[in-house]
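When a residue number appears, it is its place in the shown sequence, counting from 1.
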Amino acid sequence: VQLQASGGGLVQPGGSPRLSCAASGSIFSINDMGWYRQAPGKQRELVATVASGDFTNYADSVKGRFTVSRDNAKNTAYLQMNSLKPEDTAVYYCTAGVVATTDGAYRYLRVWGQGTQVTVSS
């Protein structure tokens, strides 16, 4: 199972980019998808997640500005980021809790994408 993230880059303060994260491979089901981020010199932190039933969870620092969603048919999650601030600058990592299937066997995996840089600067 792999995650492919896209979006991000250099964005001006107040900008509204959207990140996408597509899961592929031998997937039986996806329990949750979301993003964490890591700024230089800081620990990786939760940004937002969306679980089955569209239950969402957000870091306090992004509530009201970011929206996480998922398209189950495409095994894809999205992070709409609005009103970006310089302190949102970080590498954003998508993650998914996946039930993978191989030769009739099932196993739960926590999968991480490669990370995508978001830099907020004028």
Side-chain angles (χ1 to χ4, degrees):
V1 178
Q2 294 181 326
L3 299 180
Q4 181 65 48
S6 60
L10 178 62
V11 184
Q12 291 191 340
S16 300
R18 188 179 78 161
L19 303 183
S20 300
C21 176
S24 62
S26 299
I27 298 171
F28 176 74
S29 64
I30 299 178
N31 292 353
D32 63 273
M33 297 186 79
W35 275 266
Y36 285 66
R37 66 186 181 187
Q38 187 167 19
K42 295 187 177 181
Q43 290 187 333
R44 190 174 297 190
E45 63 176 4
L46 168 74
V47 178
T49 60
V50 54
S52 298
D54 289 333
F55 290 103
T56 56
N57 184 39
Y58 294 93
D60 288 342
S61 60
V62 306
K63 282 181 181 177
R65 298 189 299 124
F66 291 11
T67 301
V68 63
S69 61
R70 61 192 281 184
D71 184 332
N72 293 325
K74 297 181 179 179
N75 287 338
T76 299
Y78 305 95
L79 183 68
Q80 178 65 50
M81 302 186 287
N82 298 325
S83 303
L84 279 181
K85 306 174 183 179
E87 51 264 43
D88 293 316
T89 295
V91 177
Y92 284 70
Y93 296 92
C94 66
T95 184
V98 176
V99 177
T101 178
T102 305
D103 296 329
Y106 298 88
R107 57 176 178 160
Y108 178 81
L109 301 173
R110 169 60 55 185
V111 187
W112 292 88
Q114 80 279 13
T116 184
Q117 178 70 46
V118 175
T119 301
V120 185
S121 175
S122 55

Gly8 backbone acceptor or donor facing Gln117 side chain under 3.5 Å: no
Spacing of CG belonging to Leu109 relative to CD1 belonging to Ile30, to within rounding of 0.5 Å: 11.0 Å
Tyr58 side chain to Val68 backbone, donor-acceptor under 3.5 Å: yes
Minimum-distance pair of heavy atoms, taken over all atoms of Ala23 and Met33: CB-CE, 4.4 Å
Minimum heavy-atom distance Ala100-Val1, with the two atoms named: CB-CG2, 3.9 Å
Neighbour count above 12 (heavy atom, 6.0 Å) for Gln43 CD: no
From Phe66 atom CZ to Leu84 atom CG, the distance as rounded to the nearest 0.5 Å: 5.0 Å
Evaluation steps, side chain to side chain contact (heavy atoms under 4.5 Å, CB included), between Leu19 and Val118: CA-CA 10 Å; Leu19 303 183; Val118 175; 4.2 Å; yes
Distance, nearest 0.5 Å, that separates CD of Gln80 from OG of Ser20: 9.5 Å
Pair Trp35-Met81, side chain to side chain contact (heavy atoms under 4.5 Å, CB included): steps then yes or no: CA-CA 12 Å; Trp35 275 266; Met81 302 186 287; over 6 Å; no
Pairs touching residues 46-57 that satisfy salt bridge (Lys or Arg N to Asp or Glu O under 4.0 Å), sequence neighbours left out: none
Greater than 12 external heavy atoms within 6.0 Å of Phe28's CZ: no
Atom pair CG/CG of Asn57 and Leu46 - distance to nearest 0.5 Å: 5.5 Å
Please set out all donor-acceptor pairs under 3.5 angstrom arising from side-chain atoms of residues 89-99, sequence neighbours excluded.
residue : atom : partner : partner atom : Å
Thr89   : OG1  : Pro86   : O            : 2.9
Thr89   : OG1  : Val120  : N            : 2.9
Tyr92   : OH   : Arg37   : NH1          : 2.9
Tyr92   : OH   : Asp88   : O            : 2.6
Thr95   : OG1  : Arg110  : NH1          : 3.2
Thr95   : OG1  : Val111  : O            : 3.0

Verdict with reasoning, Ser121 to Leu10, per side chain to side chain contact (heavy atoms under 4.5 Å, CB included): CA-CA 7 Å; Ser121 175; Leu10 178 62; 4.1 Å; yes
Backbone of Gly7 reached by a side-chain donor or acceptor of Thr116 within 3.5 Å: yes
Same apolar cluster: Val11 and Tyr78, side chain cutoff 4.5 Å: no
Value rounded to 0.5 Å, distance of OG1 in Thr76 from CG in Asp71: 6.5 Å
Spacing of OH belonging to Tyr36 relative to OG1 belonging to Thr49, to within rounding of 0.5 Å: 6.5 Å
Exercise: do Ser52 and Asn31 side chains pair donor with acceptor under 3.5 Å: no
